[in-house]
Number of protein chains: 2
Amino acid sequence: MTSLPSLLGDLDPTSDRAVFRQIADQLREAIDRGRFKEGEKLPSEAELVEHYGVSRMTVRNSFSILQGEGLVHAEHGKGVFVRPRPPVRRLASDRFARRHREQGKSAFIVEADAAGSHPQVDSLEVKEEKASQDISTRLGSVRRVLARRRRYLLDGRPVEFATSYLPLDIARGTQIAEPNPGPGGIYARLEELGHHLDHFEEEIRARMPSPSEVKTLRLASGVPVIHLIRTAYDTEGRAVEVCDTVMAADAYVLSYQLPAT
Amino acid sequence: MTSLPSLLGDLDPTSDRAVFRQIADQLREAIDRGRFKEGEKLPSEAELVEHYGVSRMTVRNSFSILQGEGLVHAEHGKGVFVRPRPPVRRLASDRFARRHREQGKSAFIVEADAAGSHPQVDSLEVKEEKASQDISTRLGSVRRVLARRRRYLLDGRPVEFATSYLPLDIARGTQIAEPNPGPGGIYARLEELGHHLDHFEEEIRARMPSPSEVKTLRLASGVPVIHLIRTAYDTEGRAVEVCDTVMAADAYVLSYQLPAT
DNA sequence: CTTGCCCACTCGTCTATACGAGTATGCCTG
DNA sequence: CAGGCATACTCGTATAGACGAGTGGGCAAG
């Protein structure tokens, strides 16, 4: 094994910078320089304690900084590893164009198959419920809505959790209220029902996940979520659906094409 | 002062959940329920040590979880506070439409003034430099570029750091290479130079900030950044500008309008 | 009354120690 | 040879204590 000093250097006792930050800095730099590669194991806490001559809590503090940055993750009993960058899913802004709505399978499945990954959808739940204040406002003051919840997985990893909300007067009793909305998804059904789609509005935020989001998306620490709220409007200007999506930020790149007008 | 028990409850010694997580859970819930309001001070470490009968490090561990979630922030010598949600800036997808390009001031200034906040732009730097691999690819294999860097502040708080890259054959010697690109910004100049803009492509990612981004954006811990890369294409299909923007995620909501086509 | 200092309280950093629990490996037993 | 167990190594949790440094209020001196 290569000796640590050759990889990691010494501390600067004259520096104002806290020792645990200096250690974190050195590890970060070593990772950035590729001295530790993706998925590779970092020196164990004990080794770093030895190398730097500090206490274990100090080393753990350093690791906790890097974890917060999403650079590394710890595995109990194994070690601390450089977090591999997962393959990302690109979401193009034309993904809801009518021409993509012909096939029988959902856009998610088709797209993932094409990319060679194994897609899955689970946690399906379709039910009527009271609209939250926000959803109600977006849908134009409806009291109750049909909520369609589902979780998307790629190669076994949860990447996205989405809920669609539709006004009851539109969705109740239609195939939209069924677990499987049929070919082309709910947008195809909406159009068949006479609600011709005119445009979508998407709002994008990024933030740290709530504990429940950490759980459902099995997020590593230091991974933010992208929160996307899409509202679909029909040609009469009515909001016919709101889709609230929380995505693991390390699994997505969103891509939009805008006219220069 | 209200006694802590009335706000915070007890630990469950039979629970599998680690003590510091239980404490974090209770504090989080109290914050969510509004028992501690935005900007309000949480009980001090000493008080929580007393209340729960645990050691100080355990309490600090709890705080560090909440900091990682961006829920609270600590101020040396003062206490730990519920992090106030700053006002957000909405970026609409039509913000580069030609009709917004008439006025003398930059879009950022106009928009912030309208919102009643005090906008500022600093750290201006305009220079020629070697294009990175990524920028070169996006601009169509150019070696050197003109880079325009600037930082945007709202009411004294840095919210965004952006760099525009333009091919030298377009920008060199023009007003684009001046610190002040004139009314309507560089897009107006590009069109005057005969590069009529056709469309933009925007790529959006979210991630935790690098240490240098923490510094330039003065980010609190637990605040991700939104990384937006916009490429501007002219009517001949040539990429004429790439703008790389890093935004404090808690200060922005991006909004896009998409045709249903 | 004002100024300035001191002190109490806050979080920041660091040490040393202890035990628990998950993982992997190799040896020993059947 | 196969299975299982012991063991060493990993990180997770928690305690107790020490000192440093930023903040703010009160008190004392001018």
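Just so it is clear: chains get the letters A, B, ... in the order the sequence lines come, proteins before strands, and each one is counted from 1.
To the nearest angstrom, C1' of D:dC9 lies 16 Å from CG of A:Leu42. When the P atom of D:dG12 is taken as reference, atom CE of B:Met57 falls 14 Å away, rounded to whole Å. Separating the CD atom of A:Glu47 from the C1' atom of D:dA8 is a distance of 14 Å, rounded to the nearest angstrom. In this entry the distance linking OH of A:Tyr52 with C1' of C:dC14 reads 16 Å, nearest Å. Between the CG atom of A:Asp16 and the C1' atom of D:dG20 there is a distance of 13 Å, given to the nearest Å. Between A:Lys78 atom NZ and C:dT25 atom C1' the separation is 14 Å, expressed in whole Å. The CD atom of B:Glu45 sits 14 Å away from the C1' atom of D:dA21 (whole-angstrom rounding). Rounded to whole Å, atom P of D:dT10 lies 11 Å from atom CZ of A:Phe63.
Between B:Phe20 and the options B:Thr58, B:Val59, B:Asp25, a side chain to side chain contact (heavy atoms under 4.5 Å, CB included) holds for only B:Thr58.
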Original post:
Would B:Arg230 and B:Glu201 count as a salt bridge (charged side-chain N to carboxylate O under 4.0 Å, His left out) if you check the C-alpha gap in whole Å, the side-chain angles of each, and the deciding distance to 0.1 Å?
Top reply: CA-CA 5 Å; B:Arg230 177 179 53 254; B:Glu201 255 179 43; over 6 Å; no
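Using a 4.0 Å heavy-atom distance criterion, B:Arg17 is classed as making no nucleic acid contact.
For B:Arg60, a side-chain nitrogen or oxygen approaches OP1 or OP2 of C:dG12 to under 4.0 Å. Considering only side-chain N and O atoms, A:Thr58 lies nowhere under 4.0 angstrom from the phosphate OP1 or OP2 of C:dC14.
Of the charged side-chain nitrogens involved, none lies within less than 4.0 Å of a carboxylate oxygen, so that A:Arg207 and B:Glu69 do not count as a salt-bridged pair.
A donor-acceptor pair is defined here as one N or O able to donate and one able to accept, closer than 3.5 Å; such a pair exists between the side chain of A:Thr216 and the backbone of A:Ser212.
Place A:Gly77 and A:Ser55 on DNA chain C by their nearest nucleotides, and A:Ser55 ends up nearer the 5' end. Both B:Asn61 and A:Lys41 sit near DNA chain D, but only A:Lys41 has its closest nucleotide nearer the 5' end.
When each of D:dA21, D:dC11, C:dC14 is scored by its nearest atom to the side-chain atoms of B:His76, the top-ranked nucleotide is D:dA21.
Aromatic ring pairs are classed by plane angle as parallel below 30°, tilted from 30° to 60° and perpendicular above 60°; the pair B:Tyr256 and A:Tyr256 is parallel.
In the interface, the side chain of B:Arg56 is paired with the base of C:dG12 through a donor and an acceptor atom under 3.5 Å apart.
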